[in-house]
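Below is one structure, written out as structure tokens, with a few remarks after it.
Just so it is clear: chains get the letters A, B, ... in the order the sequence lines come, proteins before strands, and each one is counted from 1.
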Number of protein chains: 2
Amino acid sequence: MRSQPPKVTVHVIKKGSHRTKFGGCATMVRMDDIDSAIVRELQRDARQTNRELARRLNIAPSTCLERVRALRARGVITGYRATVDLRTLNRPVQALLAIRIRPLGREVIERFKKFLTSLPEVLSVYVVAGGDDFLVHVAVPDVDRLHALLMDQIFKRREVVDCRSSFIYQHVANDVIEPLPPNGA
Amino acid sequence: MRSQPPKVTVHVIKKGSHRTKFGGCATMVRMDDIDSAIVRELQRDARQTNRELARRLNIAPSTCLERVRALRARGVITGYRATVDLRTLNRPVQALLAIRIRPLGREVIERFKKFLTSLPEVLSVYVVAGGDDFLVHVAVPDVDRLHALLMDQIFKRREVVDCRSSFIYQHVANDVIEPLPPNGA
DNA sequence: CGTGAAAATGACGACTA
DNA sequence: TAGTCGTCATTTTCACG
């Protein structure tokens, strides 16, 4: 399972200066270059061994382990997930549903959001400002199933006043999310 | 790092009948209940040890390892990713950009998609049918940065004819994606 | 599915700036 | 004092029977 060494060297410039003196929050800790590199690498492959990760970053395995644990404890790394292929899970048809609900209010929104996330067809729920209130990413086995989802589940809800569905031709997710600097630095 | 035993027993009914006799594709292999359970568990925690995974599923570690490898080789499991907290990466502001481009055509779409995914602010790109051509999920440090992204990057592109941006109040992703049965079964 | 050699983990104490 | 490193007992992996 553990990946083989593809020799991707990660260049790390400075090593020290870990904790900020005057960060916004009390528990705010600065991400130095090593932390960023660890987060980047673990987003690429969360199952590489600690030894391999350490070797890529040119630090000792024990140091690396400590860093990873700290990142997890700090809440920077929130979990480790296997990613799956939707086609092999019999869900090749994807769509985006733009839904408007009424009346707008915290409780109604929260309840409808809970409802959406409980549906197995739903991959992702965005609560948005602007013309629509919800954008829902769904994946289903076929078009019939999408129709059934709309008719038997979504439209049955009293709060739904409008729903436009768009087919998704392609969906590419940026698998490595980097920290962004505060300013144009 | 390895999680401690939270004693979540997974009930598996039938064990055998792994390969389909008449699947659609030649290399098509059916997902039995053990495979589904493995995929579900590894989506929840990709770093649990093989032993622990096997214990949850009430199968031998060697069997479990073989199953996981097969799922990876079959392309059901496409990778293992660490998930991160956008706030700790200094990207608390999220938005959805609905973009229309012209002229529509395979090359223009492909080129613009490549451009979008190369931007560090971009989390996810949907190529969709309907009124808009692209839906882009972005996360930035602040509103200024969003404005800068639109002005300095998106609107600079000649193919962009329209872009509406909506703020995202909340985004919840279904972290465990289950296989769906072919019919109403 | 069980076994066992080889490998990785992770706790601990020493070291350094 | 906070971060890093080397060591090693314990745990895990994974090829083979």
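- Taking atom CZ of residue B/R67 and atom C1' of nucleotide D/dC14, one finds them 17 Å apart after rounding to whole Å.
- One atom, CE of A/M31, and another, C1' of D/dG3, lie 17 Å apart when rounded to the nearest Å.
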Nucleotides 11-17 of chain C: which of its N/O atoms have a protein N/O under 3.5 Å away?
| residue | atom | partner | partner atom | Å |
| --- | --- | --- | --- | --- |
| C/dA11 | OP2 | A/R69 | NH1 | 2.4 |

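- Looking at residues two or more places apart in sequence or on another chain, you find no side chain to side chain donor-acceptor pair (under 3.5 Å) involving B/T117.
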Protein-nucleic acid N or O pairs under 3.5 Å, nucleotides 8-11 of chain D:
none

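- Taking a pair as Watson-Crick or G-U wobble with both distances under 3.5 Å, the runs of three or more consecutive pairs in DNA chain D are C:1-17 with D:1-17.
- In this structure, A/Y126 shares a hydrophobic cluster with A/L96, A/V128, A/L135, A/I168, B/L96, B/Y126, B/V128, B/L135, B/I168, the cluster being traced through Ile, Leu, Val, Met, Phe, Trp and Tyr side chains under 4.5 angstrom apart.
- Between A/R47 atom CZ and D/dT12 atom P the separation is 13 Å, expressed in whole Å.
- Atom CD1 of A/I38 is separated from atom P of D/dG3 by 13 Å (rounded to the nearest Å).
- The nearest whole Å value for the distance from the CZ atom in A/R55 to the P atom in C/dA8 is 10 Å.
- Residue pairs that meet the salt bridge (charged side-chain N to carboxylate O under 4.0 Å, His left out) test with at least one member in residues 75-86 of chain B, sequence neighbours left out, are A/D175-B/R81, B/D85-B/R87.
- Residue pairs meeting the salt bridge (charged side-chain N to carboxylate O under 4.0 Å, His left out) criterion with at least one partner in residues 114-126 of chain B, sequence neighbours excluded, are B/E121-B/R145.
- Under the rule for a ring-ring contact (aromatic ring centres under 6.0 Å, His included), B/Y169 has no partner lying at least two apart in sequence or in another chain.
- Per the geometry, CD belonging to B/E66 stands 16 Å off P belonging to D/dG17, to the nearest Å.
- Among residue pairs with one or both ends in residues 84-124 of chain A, those qualifying as ring pair (Phe, Tyr, Trp, His ring centres under 6.0 Å) are A/F112-A/F115, A/F112-A/F134; sequence neighbours excluded.
- Looking at residues two or more places apart in sequence or on another chain, you find a salt bridge (charged side-chain N to carboxylate O under 4.0 Å, His left out) between A/E178 and A/R40.
- In this structure B/R102 satisfies the salt bridge (charged side-chain N to carboxylate O under 4.0 Å, His left out) test together with B/D133, sequence neighbours excluded.
- Sparse packing is recorded around CZ of B/F167, with 12 or fewer heavy atoms of other residues, nucleotides or ligands lying under 6.0 Å away.
- Atoms CD (A/E52) and P (D/dT12) sit 20 Å apart, rounded to a whole Å.
- Between the CD1 atom of B/I77 and the CZ atom of B/R67 there is a distance of 12.0 Å, given to the nearest 0.5 Å.
- We find that CD of B/Q48 is positioned 17 Å from C1' of C/dT9, with the value rounded to whole Å.
- Closest to the side chain of A/T49, from the set D/dT13, D/dC5, C/dA8, is C/dA8.
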For a quick test of your reading: what N or O donor-acceptor pairs under 3.5 Å do the side chains of residues 104-111 of chain B make, sequence neighbours left out?
| residue | atom | partner | partner atom | Å |
| --- | --- | --- | --- | --- |
| B/E110 | OE2 | B/K113 | NZ | 2.8 |

